[in-house]
Amino acid sequence: MNSLFDILLERPLPDEWLQGLLFTSFTLHMVFVLLTLGTAILSVYYFIDAQWGGKPNELRLDKRILKTFMAHKSLAVVLGVAPLLLIQVGFSVPFFTGVNLLAPFWMLLIVFLSVAFLSFDVLAHKLYVHRYLHLASGTIALVSLLAVPALFVAILVTAENSDQWMTIIAHGYRLSGPPARHWLFRYLHVLGAALVFGAAFHYFFSTKDETEKRSLLKWIVAGILLQIILGITLYSSLLEKPDYITNASLLAGVLGAALLLWIIYLSMDKKNTLNIKTVPPLLMLILVPMLLTRQFIQNKKFMPFEKQLQANAQAYQKKAQPYNREALDKYQSDMNIVYDNGETIYVRSCAFCHGEKADGNGAEAKNLAIPPEDISAVRTTRRYLHTILAGGVPGSAMPYFTVFDKYKLDGLIDYLDKKYHVLSLPEPIPASVSDAALRQAQKIYNETCSQCHGMDGRGSAPSKGFQPPPPDFTMYSLSPKRAFDVITNGYIGTVMSPFSTLPEEVRWGLVKIINDKRRQ
Amino acid sequence: MQFPIFQTPYLGNGMTIALDAVPHVIISHGLAIGAITLIVISEYFGFRKSSREWEAFAKEFLRFTIIITTGLGAITGVGIWLITSALSPRGIGSLLRIFFWPWFAEWIAFTLEVIVILIYYFTWDTWTGEKKKQHIYLGASYIVFSLSSAFLITGILGFMLTPDGWPWDKSFWSAFFNPSFLPQLLLRVSMAFALGAIFSVAFLFATRRESAFRKEALRFFGKVSSISFSATGIFSWWYFTVVPSAFKTHAIFSVLTSRFSQHPEIFYGINAAGIFMLFLFALFGLRGAVFLSRILIIPVLLVSMSFVMEFERVREFIRGPYLLPGYMYANQVLLKEVPLLDKAGMLKNSYWYNMTTHGPDPINQGAYLFAENCSMCHTIGGVNDIKERVKGRTEDGIFVILGHTQDMVPFMPPFSGTDQERRIMAGFLHQLANGKIILGASSRFAPLRGGEK
């Protein structure tokens, strides 16, 4: 952690603003997250209740509940953009690291959300599917949807606890031990809140009669009681002792919850329905301090780390900045190089091995055990050269160049031909060879050379497996001077060995024999 | 270096993003902008002509569209962000810093867009009679918000290809209103209407309609098709004139890849056939030829989606060695970091390498160097497999090639690290290509087993 550093670009807004916006937008997002989750859970519950309780169609509460799903989930998603943006900008390193450590799960979010959203919305709009099919797709959708907060909570737990990163890696990129316990209770606490919020929303907006209201009221009360129990376990699972301000805001939330319970108790006592003017604001009065508590705990983890990350970023920036000028100059010159012509491609992609004069003496030639070919001496056909360019030479450094399309490789071939006549037939040999020498050369070719090169010059069967294999003399030759050189000195790094002990005239004879094999 | 490494197994990073981003582009352009605009126009026709058929078509098409856009469209859109957060944190982290305010404004535009479309959808049956006009205006206001979303995102996308003076002066406005901003915005909007018209015709044929209405509607969408197809063509041409030639020259390769790059006639042939089919479809629509249009609709849907895929692939690919031109290479190494890392070394400076491996094992070192330098584009054993790429090369050959990646292949970033590290990675790749190293966890490039077959 000591050497990690923040993203090297300026932070776009002061930290206090960022914190404020993060809290506000996150609260808005969470309201709709809770409504979405609550709606999903309740819709499945009331579907089962209606189907197996034999309710007539017009009394189907689950339908009315599910109808609101589209609005809740759409708003939950869009409102989530801002908090995600702000946490990624404000706490880049811890957040992205959390995401990365749990990357496969994080990316599965897309699958879970798509499955859940599509299934619920299709069910809401086509309510007459067979009940078992409805139950099956509703269950799959619900399970997928419930996985989403589990993943987000896991990411946050990971991001907040940078001291646990190595443990997480050691456990195969999974949470374990105290952080895992904390994750579980934190996740369940979200679901409990979702029950309360979802039930309260549908109590006011989806119910038609007293029975339905009473039924949803049970969910609200049960939800609050569950939250108290889960809250205690969550508090005891905190990885660090909370400070006074955290405890104070937590207390405010707990008092709000107690007040809500009391109001519900009073209304039940008087057989009144809950008042829409008191309950939703009160719910917000519970949610806000609870989310503040969350933020305080999170900041306590994030802030000191963030300070160190920013200091490290400054130090690293100081080290890298001196190279900025050089880097930008290179960028500018690179942007002016267009690989759309043979010359540029040769100079940039080939010359570092084959040399600016195409004589095989590029800057890197010294690093290669098999020297790059002297291209200026190559005499071949367009097709054969294209095959080499497109396929490379196995067993050598020469790679394939299909990264350039055919037009570009043709341009490169044209350039090489114009400059070095690589598409010509080999020149006549510059020495005279007597018939006797030629006969001896032919004998040597037949007995020795053909072992690899084949009688016809196309390469013998065993030589096909050589790395690199011999060239096909019917389509590929070298200038007589270069061919003489290879026969004399061999081709270093390949099977081709030197034949310098042969009389010079015989070697010229071999050049003639080989170059006479050219058919095209 | 700054973040731990993760790569999607087999698919690699680019393909993972593409699988999510292409459906998003098709839905966000074709449905969220194109189709919904045409739905509002259809509603208006229904109102003006007192046509129940137009009204019913608009309403039913909206129901389909809103389920897909708020479900798949929004999720795949956020999905691009989610995926890049995991796979390319330094890239997306930097983009968010540069474009924080447009991104924040996008949040507001996006939220308003969703609120308006939900009201529009839920009030369809209640805002009738006197209030119908207001309902149509509401629909029109949605179009404004959806276009402003497109406006904000195009600035960011354009920057990733043509950053203008930003690398030098870090000026926000030249970054946002970069040279490819306007042509790309116009291109995307016309693409949206083109897709929208095609989707509308598909919906027209997929649902039960009166035959007179079907013909009338087909004629209208035929008009929209011919105008938007032509506009898409013109703006594509404009867009590619502002793209730097150094990038543009890789366009054919980006579509054909190494597998087909030696047959460029495929590129021209397929594109020409696709364009011909689209205009034939527009012509049949104009003529109100129901039977012929019905035959063409499925191929046309496929062709139009393939064009979207092709465009996005070209746009993403050709900026080649850069993730953010002038600032960051595709492997998330900053341009100015390369000379630093060449001197100071990649391994020595990496927190994650030093924390997760113990002792100088060349296989782990090689794997880590590969992960940092190459894994953004190359997998081991999957798409764009590095084993295939270096197969047949000698170890010294790989060493030399690694020193010239960007010279040799202009869309590859340079190797960052000392010569010693380059030698280690060359050895690693050579052994890997010859089957002497088997990867343990391929997505994390470690732990590895070496020296055995």
Side-chain angles (χ1 to χ4, degrees), chain A residues 3-5 7 9 12 70-71 74-75 77-79 81-82 85 88-89 92 96-97 99-101 103 106-107 109-110 113-114 117-118 121 125 166 169 319-320 323-324 326-328 331 335 337-340 348-349 352-353 364 367-369 390 392 394-397 399 402-403 405-407, chain B residues 2-4 6 20 63 67 70-72 74-75 78-79 82-83 85-86 89 93-94 96-98 100-101 103-104 107 110-111 114 118 167-168 244-246 249 252-253 256 258 261-262 264 326 334-340 351 355-356 392-394 396-397 399-401 404 407-410:
Chain A
S3 63
L4 288 176
F5 52 90
I7 302 276
L9 289 163
M70 183 194 278
S74 304
L75 286 166
V77 170
V78 288
L79 290 170
V81 168
L85 165 67
Q88 290 195 351
V89 165
S92 312
F96 284 126
T97 305
V99 164
N100 190 294
L101 290 178
W106 171 256
M107 294 199 289
L109 274 176
I110 302 165
L113 283 169
S114 304
F117 286 6
L118 281 181
D121 279 340
H125 285 84
M166 290 307 147
I169 293 176
K319 272 206 290 186
Y323 299 101
N324 196 39
E326 178 190 334
L328 284 175
Y331 166 66
M335 286 303 290
I337 301 166
V338 183
Y339 285 64
D340 62 353
R348 304 281 301 181
S349 305
F352 60 85
C353 286
E364 295 284 4
N367 288 320
L368 295 169
S396 80
T402 45
V403 289
D405 61 49
K406 176 120 194 315
Y407 301 135
Chain B
Q2 198 182 357
F3 294 103
F6 177 82
D20 179 81
R63 185 166 76 177
I67 291 178
T70 61
L72 277 186
I75 293 308
V78 176
L82 298 183
I83 295 174
S85 301
S94 303
L96 292 178
R97 294 255 167 124
I98 304 168
F100 174 80
W101 289 111
W103 217 291
F104 193 76
W107 173 59
F110 194 14
T111 305
V114 164
L118 286 171
W168 286 270
S245 302
T249 186
I252 296 181
F253 176 79
L256 295 178
S258 275
S261 67
Q262 299 315 301
L334 304 185
L335 270 59
K336 65 185 172 195
E337 275 181 312
V338 176
L340 175 70
Y351 170 78
M355 289 302 287
T356 50
R393 299 288 78 71
T394 50
D396 58 4
F399 172 73
V400 165
I401 290 169
H404 293 272
D407 301 332
M408 199 177 86
V409 183

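A quick note: this is a predicted structure, and the numbers were derived from the prediction, not measured.
Residue I75(B) comes nearest to S114(A) through the heavy atom pair CG2-OG, 3.5 Å, listed as atom of the first residue, atom of the second, then distance.
Residues meeting the salt bridge (Lys or Arg N to Asp or Glu O under 4.0 Å) test with D20(B), sequence neighbours left out: none.
Using a 4.5 Å heavy-atom threshold, the side chains of V78(A) and T111(B) count as touching. Between S85(B) and Q88(A), the closest side-chain pair of non-hydrogen atoms falls below 4.5 Å.
For a residue to count as touching a neighbouring chain, one of its non-hydrogen atoms must lie under 4.5 Å from one of that chain's; by this rule M107(A) touches chain B with the side chain only. Only the side chain of I169(A) comes within contact range of chain B, with heavy atoms under 4.5 Å apart. Within the 4.5 angstrom heavy-atom criterion, atoms from both the backbone and the side chain of P4(B) approach chain A. Heavy-atom distances place both the backbone and the side chain of E364(A) under 4.5 Å from chain B. At a 4.5 Å heavy-atom cutoff, the contact between I67(B) and chain A is made by backbone and side-chain atoms alike. Proximity to chain A involves both the backbone and the side chain of F110(B), based on heavy atoms less than 4.5 angstrom apart. Using a 4.5 Å cut-off between heavy atoms, F117(A) contacts chain B through its side chain alone, with no backbone atom that close. Using a 4.5 Å cut-off between heavy atoms, V338(B) does not touch chain A at all.
Proximity of a side-chain donor or acceptor of R393(B) to a complementary backbone N or O of G395(A) within less than 3.5 Å is not detected. Checked by atom type and distance alone, the side chain of T402(A) never pairs as donor or acceptor with a backbone atom of S261(B) at under 3.5 Å. Judged by distance alone, with hydrogens and angles left aside, the side-chain atoms of Q2(B) form a donor-acceptor pair with the main-chain N or O of F5(A) at under 3.5 Å. The backbone N or O of P12(A) sits nowhere less than 3.5 Å from a side-chain atom of R97(B) that would complete a donor-acceptor pair.
The greatest number of non-hydrogen atom pairs below 4.5 Å with chain A, out of Q262(B), M408(B), R63(B), is found for Q262(B). For chain A, the option among I401(B), L118(B), I98(B) with the highest count of heavy-atom pairs below 4.5 Å is L118(B). With respect to chain B, the highest number of heavy-atom pairs below 4.5 Å among V77(A), N100(A), V99(A), D121(A) belongs to N100(A). Considering only heavy-atom pairs separated by less than 4.5 Å from chain A, the leading option among I252(B), V78(B), L82(B) is L82(B). Across G79(B), P244(B), P339(B), the residue that shares the most heavy-atom pairs under 4.5 angstrom with chain A is P339(B). Highest contact tally toward chain A, considering only G71(B), S94(B), P89(B), P264(B), is held by P264(B) [criterion: heavy-atom pairs under 4.5 Å]. Most heavy-atom pairs under 4.5 Å with chain B, from the set C353(A), A369(A), A390(A): that is A369(A). Contact count against chain A (heavy-atom pairs under 4.5 Å) is highest for A86(B) among A86(B), S245(B), G397(B), P167(B).
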Self-check item: Test side-chain contact (heavy atoms from CB on, under 4.5 Å) applied to D405(A) and L256(B), step by step
Solution: CA-CA 8 Å; D405(A) 61 49; L256(B) 295 178; 5.6 Å; no
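The aromatic ring centroids of F104(B) and W107(B) lie less than 6.0 Å from each other.
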